Number of protein chains: 2
Amino acid sequence: MTSQALLIDRFFLPGAFTAEPREPVGVAMQFAAGEEIYAQAEPVEFVYRLVSGAVRSTRLLSDGRRQIGDFYYPGDVFGLETSETHRFSAEGLGDCQVQVLKRFAPSRSGEDRIRFDRMISAATSRELDRAQDHILLLARMTACEKVSSFLLSIANRFKAELTVLPMSRQDMADYLGLTIETISRMLGRLQADGVVEFMGCRHFRIRHRSALDRLAAS
Amino acid sequence: MTSQALLIDRFFLPGAFTAEPREPVGVAMQFAAGEEIYAQAEPVEFVYRLVSGAVRSTRLLSDGRRQIGDFYYPGDVFGLETSETHRFSAEGLGDCQVQVLKRFAPSRSGEDRIRFDRMISAATSRELDRAQDHILLLARMTACEKVSSFLLSIANRFKAELTVLPMSRQDMADYLGLTIETISRMLGRLQADGVVEFMGCRHFRIRHRSALDRLAAS
DNA sequence: CGTTTCTTTGAATCCGGTCAAGGTCCGTGG
DNA sequence: CCACGGACCTTGACCGGATTCAAAGAAACG
C-alpha cells in the first residue's frame with residue numbers, strides 16, 4: 001500500500017474521527033463560527049472532511065430565499081460537487097476543524113487514482129441517498145413529521161442521552177422548508193406532549209422514543 | 001478500444017439516442033404502460049438506459065403516500081442506486097424500450113472496469129444534481145412556481161413547438177408535492193393568463209416564454 | 001356506445017405563514 | 001456586579017394558499 005493510498009483511506013474513514021492519525025491527512029484547517037469554507041459558484045478545488053464542529057451547506061436564490069442542503073458532522077466528507085463550480089456554499093455552525101484534500105491532483109495516478117475515485121463515488125452515493133430522503137421529507141411530510149424526524153435523525157447520529165443542536169432555528173427552518181415560528185411551535189408541542197424535553201433551546205433529550213418514531217412516520 | 005469499452009460508451013452516450021448502433025448495446029427490453037421495470041426493495045442487478053418512451057421512479061411509504069423521484073426520457077440512464085437494493089421502483093409511463101446492462105459483471109476488468117465505473121459515477125453525479133434542484137423546488141417554491149418550472153423543464157428538454165406530457169396529473173402531483181386538484185388549477189390559471197395553451201390535457205405549447213421563465217423564478 | 005378512469009371546477013376547511021409583541025440568553029462595558 | 005443592547009427564540013392573532021370533499025365533465029378503452 002502506498003502512503004498516498006493510506007492517506008486516502010484515512011481521509012475517507014467512515015463515521016466519527018476517533019483515532020489520532022500518525023501522519024497528517026490532507027491539510028488541517030480551522031474555521032470560526034459562521035465562516036465560509038467555500039462559496040457558491042466558486043470553482044471546485046478541494047474535498048473536505050469534518051474533524052470537529054458542524055457544517056451546513058446552503059444555497060441562495062436571487063430573491064433571497066435560502067435552502068440548506070445538508071448538515072455535516074465529524075467524520076463526514078463534504079464539498080464533493082460534480083460540476084466545475086460549487087452549487088452550494090459551506091459554513092461552519094460554530095468553530096470547526098476540517099481536513100482538506102485536493103480534488104484533482106495530477107500527482108495521483110494508477111492505484112491511488114482508482115482508490116481516490118472509488119472513495120469519491122462512495123461519498124457521492126451517500127450524498128444522493130440523503131438527498132432522496134430529504135426529498136421525501138420535503139414533499140410529503142407535515143410540519144410535525146418534519147420536525148420529529150429531524151430531531152430523531154440528529155439523536156440517532158449522536159446516540160447520547162442529551163443531544164445538542166448545533167444549528168439555529170433559522171437553519172432548521174431552511175432545511176425543512178418551514179419558518180422559524182413553525183419550528184418553534186412544533187418543538188413546543190412535542191415538549192408539551194412529553195415526547196421530548198428541552199434544556200435551553202439547543203439541548204434536548206428524548207422522553208418517549210416510540211412516540212417520536214411514530215410521529216416521524218417514515 | 002475493446003468491444004466491451006465500445007459497448008459501455010454506446011450505453012452511456014449522453015442525450016437522446018439517435019444513431020442506430022451496429023451491435024446490440026446490452027439487452028434490449030420492451031415494457032408495457034405501467035409495467036414495473038424494477039421494484040422497490042429488490043436487489044440491484046442491472047443498469048438501464050431508456051431508448052423510447054418515458055419512465056418514472058417512485059417510492060411508496062407504508063401509509064400509502066407516494067413520492068416520485070424523477071422522470072426519465074430517451075437517452076437517460078436510470079436504476080443506478082447505490083445500496084444493495086432499490087430504494088425506488090421504476091415504471092413505464094407508456095410503452096417503452098429499455099437497454100439493460102449488468103450492474104456488476106465479473107467479466108468486466110481492467111480498462112473496461114474503470115471505464116464503466118467512471119460512467120456510472122458520472123451518471124450518479126447527474127442524478128445528485130437533479131435531486132438537489134428537486135429539493136429547492138419542493139422546499140421553497142409555491143404551487144405556481146413548481147408547476148411553471150416543471151412545464152419549463154419538460155419543454156426545454158424536448159424543444160419542440162408542441163410539448164407532450166407523458167405523465168398523468170397524479171404523477172405530476174407526486175413529483176411536485178402537491179395534489180392533482182392544485183396541479184389542475186395552476187395549469188388552468190397559466191392557460192387563462194395566456195402563458196401556455198393546452199390542446200387536450202397532455203399537449204401544450206408555450207405562448208409567452210418570458211412570463212413562464214419569470215414564474216418559474218429559479 | 002357504455003363504462004371506467006382521469007381531469008376540471010367549486011365550496012369549505014385547515015395547516016402553516018405572516019405580522020407583531022414579548023421573552024430569553026449572552027456578551028460587553030459602565 | 002449589574003445594566004444595557006442585540007441576536008435569537010417563543011407566543012398570539014389573523015390571514016391566505018393549498019388541501020379536502022364533492023360533483024360534474026372529458027377522455028380512454030373495450
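All heavy atoms count here, side chains included; hydrogens, waters and symmetry mates do not. Note that the coordinates shown come from a computational prediction; the quantities given were computed from them, not determined experimentally. Letters A, B, ... are given to chains in the order of the sequence lines, protein chains preceding strands, and every chain is numbered from 1.
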Choose from dG17(C), dT8(C), dA18(D) the nucleotide whose nearest atom is closest to any side-chain atom of Thr142(B).
-> dA18(D)
Report the distance from atom CE of Met167(A) to atom P of dC9(D), rounded to the nearest whole Å.
-> 11 Å
May I ask you to evaluate whether Ser168(B) reaches the phosphate of dC6(C), defined as a side-chain N or O under 4.0 Å from OP1 or OP2?
-> no
Over how many whole Å does the gap from Arg169(B) atom CZ to dT9(C) atom C1' extend?
-> 14 Å
Stretch residues 64-73 of chain A: residues that reach within less than 4.0 Å of DNA chain C through a heavy atom | none
Would you kindly give the CD-to-P distance between Glu145(B) and dG17(D), to the nearest whole Å?
-> 12 Å
Could you walk me through whether Asp193(B) and Arg207(B) pass salt bridge (Lys or Arg N to Asp or Glu O under 4.0 Å), step by step?
-> CA-CA 10 Å; Asp193(B) 293 351; Arg207(B) 290 184 66 83; over 6 Å; no
CZ of Arg189(B) versus P of dT9(C): gap in Å, rounded?
-> 13 Å
Just wondering, do Val98(A) and Tyr72(A) contact through their side chains at under 4.5 Å, heavy atoms?
-> no
Over all atoms of both residues, closest heavy-atom pair of His203(B) and Val164(B) = CD2-CG2, 3.6 Å
Can you establish whether the number of heavy atoms outside Arg205(B) located under 6.0 Å from its atom CZ is more than 12?
-> yes
What closest approach, in Å, do Leu187(B) and Leu151(B) show between heavy atoms, and which atom pair accounts for it?
-> CD2-CD1, 3.8 Å
With sugar-phosphate meaning primed atoms plus P, OP1 and OP2, does Leu187(B) contact a base, only sugar-phosphate, or nothing at under 4.0 Å between heavy atoms?
-> nothing
Do other residues, nucleotides or ligands put more than 12 heavy atoms under 6.0 Å from the CZ atom of Arg130(A)?
-> no
Could you point out which residue of Arg87(B), Glu127(B), Glu81(B) forms a side-chain hydrogen bond (donor to acceptor under 3.5 Å, both in side chains) with Gln132(A)?
-> Arg87(B)
Might you list the N or O atoms of the protein lying below 3.5 Å from N or O atoms in nucleotides 11-16 of chain D, with each pair's distance?
{"residue": "dG12(D)", "atom": "N7", "partner": "Arg185(A)", "partner atom": "NH1", "Å": "3.1"}

Report the distance from atom CE of Met141(B) to atom P of dA18(D), rounded to the nearest whole Å.
-> 13 Å
Please give, in whole Å, the distance from dC6(C) P to Arg202(B) CZ?
-> 9 Å
Non-hydrogen side-chain atoms of Glu36(A) and Thr58(A) separated by less than 4.5 Å | no
Tell me which of Cys144(A) and Gly200(A) sits closer to the 5' end of DNA chain C, going by the nucleotide each one is nearest to.
-> Cys144(A)
Which part of the nucleic acid, if any, lies within contact of Ile183(B), taking any heavy atom under 4.0 Å across all strands shown: a base, the sugar-phosphate backbone alone, or nothing?
-> nothing
Name the closest nucleotide to the Cys201(B) side chain, picking from dT7(C), dG17(C), dA18(D).
-> dT7(C)
Might you work through the ring pair (Phe, Tyr, Trp, His ring centres under 6.0 Å) test for Tyr38(A) and Tyr48(A), ending with a clear yes or no?
-> CA-CA 10 Å; Tyr38(A) 55 81; Tyr48(A) 306 83; 5.2 Å; yes
Figure out the CZ/C1' separation between Phe198(B) and dC6(C), and round it to whole Å.
-> 14 Å
Which whole-number value in Å describes the distance from Gln191(B) CD to dA26(D) P?
-> 14 Å
